[in-house]
Every structure is written in structure tokens, then in C-alpha cells.
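Working notes, beginning with the structure itself.
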Amino acid sequence: MADNMDDAMAENYGEYGFGEDGEFDFDSILGIDQLDLNYEAHVAGFDGESFLYSVYFDGGVTDEKAEEIQQVMSGYSSQNGDEENYMGYIDIYKGEDQIMIYLDLGGVSEENSNMAVTGILNALNSVSGIKSVIINEEM
């Protein structure tokens, strides 16, 4: 058993996933760098099965953008909500400078976990005005 998360990641990914600085490149490991998004996306840290998306907008956060994100995430959740394709628990709240989307992968199959993380980013691609999304910014 690995002593820490870096050891666990090395066991699972070997040399793949290391950036030039020798640290894990979470964007590469999770496939974020392979997505064709209308905004910048980056994984700042990793905390097991919990992901917190900080969504930043050109011009700041508005009630209209918060409602649009809520609708997009509702649509995403409903299409992926059956037991076989469960993509995790999602919660959304509006902060001062960003909209936060919380994803908990508890109960998500290993096969669906990366798809759940990137699925939210792909769903957000339909929202105009997003400048960037940083996952686990405070980690």
C-alpha cells in the first residue's frame, strides 16, 4: 500500500502524468488537456473523490449566469442519472467572484469517474462568457 497520494499516483500512472517539474500533471492524468473547451481549465489539486470547480466569468458573476449554470448542471445530471451511469452528486452555489460546483464521486464506478470530472467541463462549454474553470483551487 502506498504511503501517500504521490506514491499511490505513481503506482497507478508510473512516469505518465508527471510534469516537467516532477509534480503530477493532473490536467493530463484526468484528460483535461485533451478537451476542446471555449475557456481555460486547470486542475490545481487533488482530494480523493471530491472536486470543487471554481467557474470565473468575463465581467464577473451575475444572477443570470448562476441560473444558467444551474440549468446546465440540471440537464447534465438528468441525462447521466441512472444507476448504471451515475456521475456523482453535484451541488452549485454562487460566490462573490465565481460560481462553485461541487462534485462528489462517491458511488461512481471507476470506469465513469474521469468521465464525470470532464463531463462537467464539457457541459459548461455551452455557457458563454466563462473565462476559466479551476478545479480544487484551494487544495
Is it true that Val61 and Ile134 fall in one hydrophobic cluster, defined by side-chain heavy atoms closer than 4.5 Å?
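Hydrophobic grouping puts Val61 apart from Ile134.
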Rounded to the nearest 0.5 Å, how far does CD of Gln34 lie from OG1 of Thr118?
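Between Thr118 OG1 and Gln34 CD, I get 11.0 Å after rounding to 0.5 Å.
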Once you round to the nearest 0.5 Å, how far does NE2 of His42 lie from CG of Asn136?
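Answer rounded to 0.5 Å: 10.5 Å.
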Are Ile92 and Tyr53 side-chain neighbours, meaning at least one heavy-atom pair lies under 4.5 Å?
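A side-chain contact under 4.5 Å is absent here.
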Is Ile101 close to Leu124 at the side-chain level, that is, under 4.5 Å between some pair of heavy atoms?
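Leu124 vs Ile101: side chains touch.
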Applying salt bridge (Lys or Arg N to Asp or Glu O under 4.0 Å), can you list everything that pairs with Lys94, at least two apart in sequence or on another chain?
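With sequence neighbours excluded, Lys94 shows a salt bridge (Lys or Arg N to Asp or Glu O under 4.0 Å) to Asp63, given in chain and number order.
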Checking side chain to side chain contact (heavy atoms under 4.5 Å, CB included) between Ser113 and each of Leu105, Leu103, Leu30, which is the one that passes?
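The single option meeting the side chain to side chain contact (heavy atoms under 4.5 Å, CB included) with Ser113 is Leu105.
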Residue pair [X] / [Y]: nearest heavy atoms and the distance that separates them:
X      : Y      : value
Glu68  : Ser128 : OE2-N, 4.2 Å
Phe57  : Ile130 : CE2-CG1, 3.6 Å
Ala66  : Ile99  : CA-CD1, 3.3 Å
Val72  : Ser126 : CG2-OG, 3.8 Å
Tyr86  : Asn112 : O-ND2, 4.0 Å
Ala123 : Met73  : CB-CE, 3.6 Å

Taking atom CD as the centre, does Glu49 end up with more than 12 heavy-atom neighbours from other residues, nucleotides or ligands that are less than 6.0 angstrom away?
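Counting neighbours around CD of Glu49, more than 12 heavy atoms of other residues, nucleotides or ligands fall under 6.0 Å, so yes.
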Would you sort out whether Tyr56 and Glu137 count as a side chain to side chain contact (heavy atoms under 4.5 Å, CB included), showing the intermediate values?
CA-CA 12 Å; Tyr56 295 94; Glu137 185 171 21; 2.7 Å; yes
Ignoring hydrogens and geometry, is there a side-chain-to-backbone donor-acceptor pair from [X] to [Y] under 3.5 Å?
X      : Y      : value
Asn125 : Leu37  : no
Asp91  : Asp104 : no
Lys65  : Gln98  : no

Trace of the side chain to side chain contact (heavy atoms under 4.5 Å, CB included) decision for Val55 with Tyr39
CA-CA 10 Å; Val55 182; Tyr39 55 86; over 6 Å; no
From CA spacing to verdict: side chain to side chain contact (heavy atoms under 4.5 Å, CB included), Val43, Phe51
CA-CA 9 Å; Val43 180; Phe51 294 83; 5.5 Å; no
Using the rule given for side chain to side chain contact (heavy atoms under 4.5 Å, CB included), can you reason through Ile135 versus Ile32, listing the C-alpha separation, both sets of side-chain angles and the distance that settles it, and then say yes or no?
CA-CA 10 Å; Ile135 300 173; Ile32 307 285; 4.2 Å; yes
Per the ring pair (Phe, Tyr, Trp, His ring centres under 6.0 Å) rule, what does the pair list look like for residues 88-123, sequence neighbours excluded?
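Every pair satisfying ring pair (Phe, Tyr, Trp, His ring centres under 6.0 Å) with a residue in residues 88-123: there are none.
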